[in-house]
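Single-structure report; data block below.
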Amino acid sequence: MIEVRDLHDWPTTEAEAVAIQERLRPLVRTDGEPAEVRTAAGLDVDYRESSDEIVAAVTVLDVETLSVVDSAVVRDRARFPYVSGLFAFREAPPLLAALQRLSVEPDVLVCDGQGLAHPRRFGLACHLGLLTDLPSIGVGKTPLGHFDQPAEPRGSWTPLHLNGEEVGRALRTRTGVKPVFVSPGHRHTLSAACDLVLRLTPTYRLPETTRAADRLGREG
DNA sequence: GCGACAG
DNA sequence: ATCTTGTCGC
């Protein structure tokens, strides 16, 4: 079973949330990657009409066949407003609860959002990876930072820069379609993260892990 | 004052 | 995130 480390209290104010990010950022490891990735978890959150109701969905896929081998859904009420840069304080609590309900421990977490591509280098993927101590990566649909357009063919990429640092890549997962934005979360390198995203993306723009979690959250 | 702003 | 029209491609 996935253990969630008790590294911080859940904040009420933005200042408290920022302080937690600053304190935990040095604990993130950006080296290494899983020795072998047999299973990958997709994490996604669905927002309902009240905008206060949120549904966290996690699906574990066999990386070879891309079939779903485990899943969990948690309905909750958001306890933190949406603030760019403080995303995790809104989405992480139900996602962690869903992760704890899994019976299969995935080799890597594929998060819907950024990892190191974050103003304080502590995006959702870093936060979830650190609290579970699992390898994690972020795959965002919208960039946080600046990039040049990668070449048209699938697999092409360009660096994603933020505050003068290279924090991730704009990666073309499908020829002629706008790229996704990949950055390391915890215990994972950037290049291995991009390799994994391409393996999880044989057909569409977004990884099958994310697509499966999105579908599950929409139903449940 | 103006633009930027993960989901 | 969600809303919404038009266009392209399989």
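Being a predicted model, the structure only gives us computed values, none of them experimental. Numbers restart at 1 for each chain; the letters A, B, ... are given by sequence-line order, proteins then strands.
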- May I ask you to check whether A:E33 and A:T189 show a side-chain donor-acceptor distance below 3.5 Å? yes

- Message: Between A:D31 and A:R187, does any NZ, NE, NH1 or NH2 come within less than 4.0 Å of an OD or OE carboxylate oxygen?
- Response: no

- Query: Is the ring centre of A:F89 less than 6.0 Å from the ring centre of A:H127?
  - Reply: yes

- Message: What stems show up for DNA chain C when you take Watson-Crick pairs (N1-N3 plus N6-O4 or O6-N4) and G-U wobbles (N1-O2, O6-N3), both under 3.5 Å, and require three or more consecutive pairs?
- Response: none

- Task: Scan side-chain atoms only and decide if A:E91 and A:Y47 contain a donor-acceptor pair under the 3.5 Å cut-off.
- Result: yes

- Below 4.0 angstrom, N of the basic side chain to O of the carboxylate: do A:E3 and A:R5 qualify? no

- Cluster link A:V60 to A:L216, ILVMFWY, side chain under 4.5 Å: no

- Item | Criterion side-chain contact (heavy atoms from CB on, under 4.5 Å) against A:P106, the qualifying member of A:D70, A:I2, A:T59, A:V37 | A:I2

- Considering only NZ, NE, NH1 and NH2 on the basic side and carboxylate oxygens on the acidic side, decide whether A:R38 and A:D107 come within less than 4.0 Å. no

Is there any protein nitrogen or oxygen under 3.5 Å from a nitrogen or oxygen in nucleotides 4-7 of chain B, and what are the pairs?
residue: B:dC5; atom: O3'; partner: A:S84; partner atom: OG; Å: 3.0
residue: B:dA6; atom: OP2; partner: A:Y82; partner atom: OH; Å: 2.4
residue: B:dA6; atom: N7; partner: A:G85; partner atom: N; Å: 2.9
residue: B:dA6; atom: N6; partner: A:G85; partner atom: O; Å: 3.3
residue: B:dA6; atom: N6; partner: A:F87; partner atom: N; Å: 3.3
residue: B:dA6; atom: N6; partner: A:H118; partner atom: NE2; Å: 3.4
residue: B:dA6; atom: N1; partner: A:L124; partner atom: N; Å: 2.9
residue: B:dA6; atom: N3; partner: A:Q114; partner atom: N; Å: 3.0
residue: B:dG7; atom: OP1; partner: A:K141; partner atom: N; Å: 2.8
residue: B:dG7; atom: OP1; partner: A:T142; partner atom: N; Å: 3.3
residue: B:dG7; atom: OP2; partner: A:T142; partner atom: OG1; Å: 2.6
residue: B:dG7; atom: O3'; partner: A:D112; partner atom: OD2; Å: 2.9
residue: B:dG7; atom: N7; partner: A:Y82; partner atom: OH; Å: 3.2

- Query: Linking I/L/V/M/F/W/Y whenever any side-chain heavy atoms sit under 4.5 Å apart, do A:L99 and A:L124 land together?
  - Reply: yes

- Message: Check A:R199 with A:D195, please: is the shortest side-chain N to carboxylate O separation under 4.0 Å?
- Response: no

- Hey, quick one: are A:V104 and A:V73 part of the same hydrophobic cluster, counting side-chain heavy atoms closer than 4.5 Å, chains of contacts allowed? no

- Task: Extract, from 5' to 3' on DNA chain C, the first and final nucleotides lying under 4.0 angstrom from some heavy atom of chain A.
- Result: C:dA1 to C:dT2

- Which dot-bracket string fits DNA chain B when only Watson-Crick or G-U wobble pairs with both atom distances under 3.5 Å count, crossing pairs get [ ], and | stands for a partner on a different strand? .......

- Query: So does A:K141 pair up with A:D112, basic N to acidic O under 4.0 Å?
  - Reply: yes

- Can you list, by residue number, the residues of residues 157-177 of chain A that have a non-hydrogen atom closer than 4.0 angstrom to DNA chain B? none

- Query: Taking only residues two or more places apart in sequence, or in another chain, which ones meet A:A193 in a side chain to side chain contact (heavy atoms under 4.5 Å, CB included)?
  - Reply: A:I137, A:V182, A:H188

- Task: Please check if A:L109 and A:L95 belong to a single hydrophobic cluster, counting links between Ile, Leu, Val, Met, Phe, Trp and Tyr side chain heavy atoms closer than 4.5 Å.
- Result: yes

- Item | Aromatic ring proximity A:F147/A:F181, centre distance under 6.0 Å | yes

